[in-house]
Amino acid sequence: MSRRAAQRSYWLMKSEPECFSFDDLWNAPRRRTGWDGVRNYQVRNFMRDAMHVGDGVLFYHSSAEPPGVAGVARIASAARPDPTQFDPAAEHFDPSSSRDAPTWLEVDVQAVGKLARYVSIDDLRSAPELSEMLVLRRGQRLSVMPVTAHEWGVVLALGGLDARDF
DNA sequence: GCCAACGTTGGC
DNA sequence: GCCAACGTTGGC
């Protein structure tokens, strides 16, 4: 069953490019990967309750020089248990989680478009229409956060893309 | 590398 | 359930 465009949600997802960049996603098999390692309850709840296949994703480079939106992606799967929580060798192993009642979730994210221009955090701050964007808010540390449909369109335009294509 | 912000932990 | 200590995030 298809979802109406009006129900589509948009997200900004942060990754440190030294760890995993948008180009890494673009070059991955089927241009997609499991977004594992989330260990924040609010983000877990976004994945569980509010994300849907087809939602738009602004792929944001944090701890980059400069930080900014590097590409466009989509949510490509429903939420499922994050396998790294069960792996003692994984960086984000969680010994308190069990397979019967997994604490942490992941979703698949798939790259769908390269930006014509990188949209730096200064570019975002300079756009009056983006003044309420959560990623620009002081002290905002969530690695995944919602973006409004309007902000989505403005950011894509700053990146040289037409939101109607995505 | 600094440090403000803020989520989590754990003693009480 | 309070709250101080601690750990992490992420821009600068």
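All chains are named by letter (A, B, ...) in the order of the sequence lines, taking the proteins before the strands, and each is independently numbered beginning at 1.
Once you apply a 4.0 Å limit to the heavy atoms of chain A, the touched nucleotides of DNA chain B run 5' to 3' over B:dA4 to B:dT8.
The backbone N or O of A:Ala76 sits less than 3.5 Å from a side-chain atom of A:Arg32, completing a donor-acceptor pair.
Within the 4.5 Å cutoff, the side chain of A:Leu156 has heavy atoms near those of the A:Leu58 side chain.
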A:Tyr118 vs A:Asp123, side chain to side chain contact (heavy atoms under 4.5 Å, CB included): CA-CA, chis, key distance, verdict: CA-CA 9 Å; A:Tyr118 185 76; A:Asp123 296 332; 5.9 Å; no
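Within 4.0 Å (heavy atoms only), A:Arg39 reaches no atom of the nucleic acid at all.
Side-chain contacts under 4.5 Å among hydrophobic residues (ILVMFWY), followed directly or transitively, place A:Trp104 together with A:Tyr41.
In this view, A:Phe46 and A:Trp11 satisfy the ring pair (Phe, Tyr, Trp, His ring centres under 6.0 Å) rule, not counting sequence neighbours.
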